[in-house]
Amino acid sequence: MSLAKVYSPKNVEQKWYKYWEDHNLFHANVNPKKTPYAVVIPPPNVTGVLHMGHILNNTVQDVFIRHKRMMGFEACWIPGTDHAGIATQNVVERALIKEGKTRHSLGREKFIDRVWEWKKQYGGVIIQQLRTLGCSCDWQREKFTMDESLSNAVKEVFVRLFEEGLIYRGKYVVNWCPKDHTAISDDEVEYAEQQGKLYYINYPIDDETESEGYIGYATIATTRPETMLGDVAIAVHPDDKRYKHLVGRMATLPLVGREIEVIADGFVDPSFGTGMIKVTPAHDPNDYLIGQRHNLPQINIFDVSAKLNESVPEQYRGMDRYDARKRVIQDLTSQGLLVKVEERVSSVGRCYRCHTIIEPYLSDQWFVKMKPLAGPALTEVLNGTITFFPDRWVKVYEHWMNNIRDWCISRQLWWGHRIPVWYCEEHRMPECVQPIVRRTPPEHCPHCGSSNLRQDEDVLDTWFSSQLWPFSVHNWPEHEQYGTAADLKYFYPTETLVTAPEIIFFWVARMIMIGLKFAPSFTGTNDPQRNIPFRNVYFTSIVRDDEGRKMSKSLGNSPEPLDLIAEYGADAVRFTIVYLAPLGQDILYSNEKNEIGRNFANKIWNAGRFLLMNRDTIGEVATTGDFNLDHLDLADRWILSRFYSTAMELESAMEQFEINKVSKTIYDFFWHDYCDWYLELIKSRLYGDEPRAVKKAVMSRAIDVYDAALRLLHPLMPFITEELWQNIRSRRPLETIMHASLVPVDHELVDKRVEDEMAFVQKMVDAIRNIRGEMGIPPSKDLSAIVRLTPRRTIESVKRYEGYLQRLARVTSVSFIEEDVRPKYCASAVVDGEEFFVPFEGLIDIDLERKRLRKEIDRITDIVASIRTKLGNANFLQKAPKDVVTKEREKLENFENTLEKLENNYQALE
Ligand SMILES: [Zn+2]
Ligand SMILES: [Zn+2]
């Protein structure tokens with residue numbers, strides 16, 4: 001007996017994690033005898049620390065991986081971290097500020113050295129934290145998105161896409177963050193309704209016959225009046241009769257004095273404002289397109305911080321955009337050109353990182369053409385090659401893919417994959433203006449031979465590298481080129497991606513697109529089954545607090561996961577979060593809920609102690625590895641049937657990704673069937689006068705089932721199951737529950753009749769315990785029972801269970817009556833229509849028993865009434881399936897019988 005009286009997770013968890021890791025038990029290799037099962041971790045930011053979302057996400061992955069490993073798959077969970085461009089750069093910049101430095105004062109190279117230093121020292125904290133949680137990642141395969149081999153993958157993909165014309169450089173109005181000084185992609189902009197103003201401004205229309213006169217005004221409505229300083233035209237709809245006569249005329253741009261033309265363009269909405277719009281190609285994506293159609297100049301009026309630059313009249317230069325707005329309005333008012341101001345709610349876009357309002361801004365950027373990539377990626381999800389759980393995400397995905405826009409991939413940062421493009425600075429030939437796109441730095445300009453080359457300053461969007469993750473983790477493209485792509489061919493595609501739904505576009509969709517595009521180069525086939533990056537996507541729930549608010553640092557409602565693990569143990573935290581997470585629904589979380597997991601751990605711990613204690617006195621039969629099937633009684637047949645039913649339910653829930661059902665299934669079996677009932681039921685044999693051989697058989701069977709149930713539970717609670725499994729029987733060196741196989745289901749032992757019969761025994765015990773409880777009969781006092789059976793049941797069939805009744809309800813004698821007379825001074829209960837009487841002469845007071853019966857009669861009367869109402873409802877009868885209606889009728893009949901008997905019993909007490 002070597003189990004401590006009280007389970008303390010801390011030491012056990014540290015001990016076993018170290019053991020697993022030291023013995024390399026998480027590592028997977030190419031193994032032609034086994035089917036691969038690979039999962040890539042959604043790489044957390046290298047700046048990240050564990051939060052509740054990670055706890056859920058990584059527990060789910062570990063459950064899948066551990067389960068498949070035990071099923072005999074070559075299960076490989078590949079971990080790693082993401083370099084997280086902006087986030088990491090910000091962290092290091094903040095540290096520099098404390099030293100009185102900036103990245104500019106340091107210079108690019110030194111700054112990047114600093115980031116690497118930071119990464120070495122502080123980065124990847126989360127990787128250690130994942131170990132605390134028990135994650136069985138293949139740490140030998142740990143990757144970082146800026147590792148040399150992953151950087152090579154990025155360059156390879158960039159170059160190939162460029163050569164195919166799928167990457168291009170273009171001027172474009174991007175979403176500019178004036179605080180982070182970088183473009184961000186459409187999906188990184190967060191929109192929210194906000195109260196604002198709509199300004200109506202008069203632009204004087206020139207009188208063409210007179211050099212200084214005006215014939216009237218064009219009134220224009222705008223929410224961002226300061227951008228008028230970059231206006232290059234006024235536009236009206238070509239069919240708008242009100243303004244037809246103005247098309248082709250010139251107007252004078254107020255405050256600037258620039259002459260601008262009135263043009264006609266189909267984009268203009270005649271019902272917005274006055275039906276006339278200002279055209280500012282450098283600061284509005286739609287105006288940009290209008291400008292392209294009409295060959296208009298693009299005047300950029302902002303610098304990188306959204307301060308006005310030298311393209312505007314002197315009095316506005318250097319002003320912040322909002323100061324400029326006030327000043328422009330003031331100046332227009334004093335010139336009498338501001339017509340009116342209306343209150344207006346509009347949708348305002350903000351940077352997802354720093355929440356600064358985005359400024360549409362014209363700049364040179366690199367783009368990926370998405371339409372050609374999106375087509376196949378949409379097809380493979382719609383036709384089910386890739387399956388989403390829950391499937392409602394398919395619609396969301398479809399809508400986005402159908403409306404996809406080109407992806408701006410350049411970022412004006414220093415930390416990240418620098419764009420593999422160089423420019424010739426000599427320009428000796430006309431071709432020298434073309435970008436030089438190379439995997440390795442070129443030494444000379446291919447056109448003029450000059451060595452005066454400059455690399456593009458920008459880096460790539462972080463998602464550009466993480467989209468390659470399912471194959472870049474296997475050293476693609478080097479291994480492909482050198483013909484050693486065994487890992488890649490074996491572990492690609494991965495099986496299941498477990499991810500938060502927020503990154504369905506950033507990451508999931510792009511992995512599918514790029515996977516289908518590049519995988520044929522190493523799978524050597526065009527079969528989408530081989531080229532998709534994963535077969536299933538499991539979208540995790542959102543973890544909310546008890547009031548339904550999303551957990552966040554700023555609300556202070558997010559628990560510190562490591563504190564939870566310290567308090568409850570990693571097993572308890574893992575089990576609880578899964579137990580609370582129905583597929584596709586939010587989790588309402590609070591710390592106390594971890595009691596669920598902790599109590600469960602204690603329950604199975606105590607069961608283990610019980611078994612060991614008894615084994616030490618009784619001994620067990622040497623096990624063959626199968627369940628011991630000698631000397632079976634009803635309880636044994638029942639627990640075997642329940643075990644196999646549980647194993648089957650669990651397996652089918654796993655297949656459906658109903659991981660929360662998995663947890664409930666094993667919980668119910670272990671807690672109720674095994675601990676509460678089975679261990680109690682076998683006591684009558686273990687402690688009775690059965691021959692020693694029988695006791696030993698019962699003992700070894702109890703341990704067999706316990707051992708097998710620990711294995712079912714292991715993926716959810718890896719630590720305590722290993723500790724118990726190692727203790728419950730002696731194990732060979734290096735034997736571990738992690739690699740123990742699950743017990744195959746023996747369908748012959750799944751027996752519904754046995755389960756029904758045991759349910760009858762359980763109800764008898766419950767009914768008698770109930771009477772004892774309600775009548776206040778002390779547990780130490782023996783009871784007797786008088787039974788009146790219906791013709792459905794024989795006396796023999798009840799007598800058989802006398803031992804259980806004695807053991808579990810302290811019923812020392814059972815007698816039977818037939819006559820329709822109620823025995824005197826008895827409490828009574830009805831179980832499946834059979835009547836039980838418990839004489840209480842000298843044990844209780846009669847008044848109390850009458851009250852108890854009255855209560856029960858009232859309760860059943862209510863139930864009968866509600867079923868009658870239901871069956872009287874024409875609508876229900878019409879709509880409900882036939883068997884549902886039949887079931888309701890049967891239920892009604894049963895309850896009416898019970899009620900009649902209870903009422904008779906009540907009469908008997910009068
Ligand atoms: Zn920002
Ligand atoms: Zn050149």
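The structure presented is a predicted model; accordingly, all values stated were derived computationally and were not measured. The figures that follow rest on heavy atoms only: side chains count, while hydrogens, waters and symmetry mates do not. Positions are given from 1 along the sequence. Whatever order the structure lists them in is the order used to number ligands and atoms, beginning at 1.
Counting heavy atoms from C-beta outward, Y172 and C408 have side chains that stay 4.5 Å or more apart. Within the 4.5 Å cutoff, the side chain of W366 has heavy atoms near those of the F158 side chain.
Around the CD atom of Q195, the shell of radius 6.0 Å holds more than 12 heavy atoms that belong to other residues, nucleotides or ligands.
Between the SG atom of C448 and the SG atom of C432, the angle taken at the Zn ion (ligand 2) works out to 110° after rounding to 10°. Angle SG (C424) to the Zn ion (ligand 2) to SG (C445): 110°, rounded to 10°.
A salt bridge is absent between R344 and E342: the closest approach of a Lys/Arg side-chain nitrogen to an acidic carboxylate oxygen does not fall below 4.0 angstrom. By the 4.0 Å N-to-carboxylate-O rule, D545 lies close enough to R549 to be salt-bridged with it. A salt bridge is absent between K307 and D320: the closest approach of a Lys/Arg side-chain nitrogen to an acidic carboxylate oxygen does not fall below 4.0 angstrom.
Listed by chain and residue number, the protein N/O/S atoms under 2.8 Å of the Zn ion (ligand 1) are C177 SG, D180 OD2, C351 SG, C354 SG, with waters left out.
Of the listed residues (D461, T182, D458, D180), just one forms a side chain to side chain donor-acceptor pair (under 3.5 Å) with R411, and that residue is D461.
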